[in-house]
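One structure below.
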Protein chains: 2
Amino acid sequence: MPTPQKTRPDALTMEVVELIGDVVARFYSDYEDAAAEHALTGAQARLLSLLSLEPLPMRKLAQKLKCEPSNVTGIVDRLEARALVERRPDPADRRVKVAAATEAGLQVARELREGLRFAREPLAGLSQGERESLRDLLRRMRDA
Amino acid sequence: MPTPQKTRPDALTMEVVELIGDVVARFYSDYEDAAAEHALTGAQARLLSLLSLEPLPMRKLAQKLKCEPSNVTGIVDRLEARALVERRPDPADRRVKVAAATEAGLQVARELREGLRFAREPLAGLSQGERESLRDLLRRMRDA
DNA sequence: CATGGTTGTTTAAGGCACTGAAGTAAATGG
DNA sequence: CCATTTACTTCAGTGCCTTAAACAACCATG
């Protein structure tokens with residue numbers, strides 16, 4: 001046994017993990033900034049972003065956001081107070097409240113997506129071919 | 001003017017941004033989980049991680065964490081209450097308090113780093129050569 | 001030096017995100 | 001029907017985070 005450690009990662013892997021950490025930090029903080037430009041918190045932006053694709057019941061929102069349903073209540077409350085989101089009754093189940101982005105909410109979500117220029121900027125320096133290999137590598141990481 | 005938008009990104013770029021978002025979400029949540037295994041919050045883990053490299057004054061910590069110094073006070077308070085971090089006086093400037101990881105804190109930081117297996121797992125499926133190109137691409141993104 | 005401005009840290013007040021427990025209303029299955 | 005489960009909310013408590021204000025120590029200028 002040359003190395004007593006269980007799964008001692010090689011230097012290359014360690015460096016890539018480090019780099020991912022850096023990029024993650026950058027992307028995350030850029031996302032928060034983009035949200036802040038619309039006076040949204042990160043959590044509010046993520047929730048609104050989800051609703052810009054399709055209306056969802058509170059329960060589903062909690063699942064997608066990986067948090068407790070009681071938490072979603074507050075976030076939707078705050079977005080609803082700003083008329084970016086509304087609660088609709090579910091005709092099929094009167095217990096359910098379906099959260100949906102309003103017209104204004106959709107607009108903000110669009111601007112938010114476009115305002116993610118920070119995330120795109122680092123990509124600008126890559127060639128078409130490099131972006132393709134990056135895409136392939138990321139896909140495989142995601143699906144791992 | 002075929003497209004009224006300012007800088008309409010192509011489909012490839014959009015997909016890569018989407019993929020980065022996915023990987024970021026995964027990495028972030030794995031980091032929080034790893035921290036939680038040591039009863040640490042994400043913020044506490046990040047701060048402790050910084051201090052595991054070198055002791056830092058409160059002011060520097062705030063800079064690295066991109067937050068207000070008054071915020072750092074509370075986080076260090078909680079880590080100090082658990083004896084993972086200690087405040088030392090700076091002999092050169094009596095205003096300054098240098099935060100430093102204790103022996104126990106260094107141990108936790110080490111375990112935390114090793115416990116980041118989640119972040120490494122997706123890399124396991126990549127070959128040596130692929131990891132190298134990923135490293136190069138990430139480096140260029142970081143330095144962009 | 002003395003003094004006035006700057007810097008490093010903390011405290012206090014307040015908002016948001018989050019959890020867990022408890023409560024209410026509606027659906028569902030003997 | 002009634003007991004259980006499900007969807008949502010409310011409440012209490014914690015942590016992160018910011019701004020404003022306080023304090024002590026540093027520092028430059030006259």
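In the text below, chain A, chain B and the rest are named by the order of the sequence lines, each starting its count at 1.
- OP1 and OP2 of C:dG15 both lie 4.0 Å or more from every side-chain N or O belonging to A:R78.
- Using a cutoff of 4.0 Å between basic side-chain nitrogens and carboxylate oxygens, A:R26 and A:D30 are scored as salt-bridged.
- Side-chain contact check for B:L51 versus B:L79: every heavy-atom pair is 4.5 Å or farther apart.
- Dashed line: the shortest gap from a side-chain N or O of B:R59 to OP1 or OP2 of C:dT7 is not under 4.0 Å.
- As rounded to whole Å, 9 Å separates atom C1' of C:dT9 from atom CZ of B:R87.
- B:E68 comes within 4.0 angstrom of a nucleotide base, judged by non-hydrogen atoms across all strands.
- With distances taken from any side-chain atom of A:C67 to the nucleotides C:dC18, D:dC8, C:dT9, the minimum falls on C:dC18.
- Atom CD1 in B:I75 sits roughly 15 Å away from atom C1' in C:dT9 (whole-Å rounding).
- We find that OH of A:Y28 is positioned 12 Å from P of C:dA17, with the value rounded to whole Å.
- For B:Q44, counting side-chain heavy atoms from C-beta on, the closest listed nucleotide (D:dT10, D:dC16, C:dT10) is D:dC16.
- Comparing A:R46 and B:K97 against DNA chain C, the residue whose closest nucleotide sits nearer the 5' end is B:K97.
- Of the candidate nucleotides C:dA27, C:dT11, C:dA21, C:dA21 has the atom lying nearest to any side-chain atom of A:S70.
- Taking the charged nitrogens against the carboxylate oxygens, B:D77 and B:R87 do have a contact shorter than 4.0 Å, which makes a salt bridge.
- As a whole-Å value, the separation of A:N71 CG from C:dG20 P is 11 Å.
- Between the CG atom of A:L40 and the C1' atom of C:dC16 there is a distance of 13 Å, given to the nearest Å.
- A donor atom on one side chain and an acceptor atom on the other are not found under 3.5 Å apart for A:Q107 and A:E103.
- With DNA chain D read from its 5' end, the first of the two nearest nucleotides for A:V96 and B:R95 is the one closest to A:V96.
- Nucleic acid contact for B:T41: sugar-phosphate only, since backbone atoms but no base atoms lie under 4.0 Å from a heavy atom of the residue.
- In this structure, CD of B:E32 is placed 11 Å from C1' of D:dC16, rounded to the nearest angstrom.
- The side-chain hydrogen bond (donor to acceptor under 3.5 Å, both in side chains) test with A:Q128 is passed by exactly one of A:R131, A:E130, A:E132: A:E132.
- Atom C1' of nucleotide D:dC16 and atom CG of B:L47 are separated by 12 Å, given to the nearest angstrom.
- Straight-line distance from the CD atom of A:Q63 to the C1' atom of D:dT6: 12 Å, rounded to whole Å.
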